[in-house]
Amino acid sequence: MEGESMEIDKIIKNAEKELGEVFKKIDEQAFKNSEKVLNAFHKNGISEIHFNSTTGYGYNDLGRDAVERVFADVLDAEDAIVRNQFVSGSHALNVALFSVLRPGDTMLSITGEPYDTLKEVIGIVENESSLKSFGVSYEGVDLVENDFDYERIEAILKKKDYKVVYIQRSRGYSTRASLTIDKVEKVIKLVKKVAPCSIVMVDNCYCELVESKTPCGVGADMMIGSLIKNLGGGVAPNGAYIAGVKRYIDLAGERLTLPGEGREVGPTLGINESFLRGIYMAPSVIASSLKTAVLASKVLEDMGYKVSPRYDEARADIVEAITFGNGEDLIKFVEGIQMGSAVDSSAIPEPTDMPGYEDKIIMASGSFVQGSSIEISADGPLREPYIAYLQGGITYDYGKLALKSALSRMMK
Ligand SMILES: *Cc1c(COP(=O)(O)O)cnc(C)c1O
């Protein structure tokens, strides 16, 4: 065992020797983003009073309003709704879609089939509460070679009106790459030119603060993300956000709570301080996650596995996809991440059916917050080509320790 541990240390040390330049760029990006967050705190005069809390209806919650202004500024959006009443990122996406789509409307995904949990929301998988059941149609255009199919998108948008043009940036459980903000900017320009009335909605999960620009900064009307991912900074215990054009954010509020009360209600129950502390920590936590992903990429590529992105490739999100090609290695890797986590390290994760997902999923999330994927986590569906998606790392050291644990499990 001793020898094996030394062997792993050597593999990691050798990999790290080549990562200096990449890590330096990650640190520079984190510094810029920290400055942006701090400026948002200053601009909005964040003070102790904003750590207050409401109960019951949650009227007149100063802290909640301040949180939403800070998020809007950090995301380059006119407005934002940031709530603990969102149970997950998927819930916020569901609210965003239902808030603007009406019977007879069509949504067009220009990044192929959306994330697994949205299939029942949209009605790609039958559900009697889906958008489809309300008479909302869905169409999709696949990506080509990890980029938008600009020509087809233009042709389709010229033929018919689409209420929502939908973009999912991160790869989800697919084999494609995540979409950088430059690509998103290019396609939004096209959509706005051909179909200026369409609402451009972006699933921005895992992409926040990885690059300087944001979807709303490059013209998206609505963007959505989870607070147990990037912007929660490993601090927020739950919640999600929708940011964008004020009119749509107001509509999202009416759908999340009820028509007529909208954003005026929603008790914060003590969460404002966590949301503010979370976004404050987010730039450096995201940097640690990125370094963990880069290290994993380098090490696993050196071991002969196919990885995406490669260690020195441009990144749009904090996710590292590692193709194992067989279920056994995938399972061992995920088990090893769990064994190297802070919480429930002795629990062995097993592939299981999960609500909203079609294949069995194996998931390591030995985290303080249930299901958090910013702390350190690895997961993947048990299907060809057996890819593990690794993400998170509150600190680089803990990320590296989890990776060591995974390598050790694989070598057994
Ligand atoms: C994580 C994720 C979501 C939302 O997932 P939740 O677990 O419901 O928060 C949506 N889209 C993508 C691409 C994701 O990675």
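Counting convention: from 1, in listed order, for ligands and their atoms alike.
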key: Best match, V319, D203, N204, I318: closest heavy atom to atom 10 (C) of ligand 1   =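 Among V319, D203, N204, I318, the closest heavy atom to atom 10 (C) of ligand 1 comes from D203.
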May I ask you to identify, for [X], whether its side chain, its backbone, both or neither come under 4.0 Å of ligand 1 on a heavy-atom basis?
| X | result |
| --- | --- |
| K229 | side chain |
| Q168 | side chain |
| L118 | neither |
| S90 | both |

Counting each atom of ligand 1 from 1 as listed, which ones have a heavy atom of [X] under 4.0 Å away?
| X | answer |
| --- | --- |
| S226 | 9 (O) |
| L93 | 10 (C) |
| Y206 | 15 (O) |

request  = Kindly determine whether Y138 and L108 satisfy side chain to side chain contact (heavy atoms under 4.5 Å, CB included), including the steps that lead there.
outcome  = CA-CA 6 Å; Y138 166 84; L108 177 70; over 6 Å; no
message = Assess whether a salt bridge exists between K298 and D302, defined as any Lys/Arg side-chain N lying under 4.0 Å from an Asp/Glu carboxylate O.
response =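 Judged by the 4.0 Å cut-off on N to carboxylate O distance, K298 and D302 do form a salt bridge.
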request  = Please step through side chain to side chain contact (heavy atoms under 4.5 Å, CB included) for the pair L62 and N52, ending with a clear verdict.
outcome  = CA-CA 8 Å; L62 291 179; N52 71 359; 3.9 Å; yes
query = Aromatic rings F324 and F333: how do their planes relate, parallel, tilted or perpendicular, breaks at 30° and 60°?
reply =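 The arrangement is tilted - the two ring planes meet at 30° to 60°.
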request  = Could you walk me through whether K186 and F148 pass side chain to side chain contact (heavy atoms under 4.5 Å, CB included), step by step?
outcome  = CA-CA 9 Å; K186 186 173 161 198; F148 295 98; over 6 Å; no
ask   = Any N/O of G89 closer than 3.5 Å to an N/O of ligand 1?
value =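 Indeed, backbone or side chain, G89 has an N or O that close.
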Intermediate values then yes/no, side chain to side chain contact (heavy atoms under 4.5 Å, CB included), D379 and S365 = CA-CA 8 Å; D379 48 58; S365 182; over 6 Å; no
request  = For atom 5 (O) of ligand 1, state whether the nearest protein heavy atom is under 4.0 Å away.
outcome  =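 For atom 5 (O) of ligand 1 the answer is yes, since some protein heavy atom falls inside 4.0 Å.
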query = Is any side-chain heavy atom of E273 less than 4.5 Å from a side-chain heavy atom of V67?
reply =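 The answer is no, as the side chains (C-beta and beyond) never meet within the 4.5 Å cut-off.
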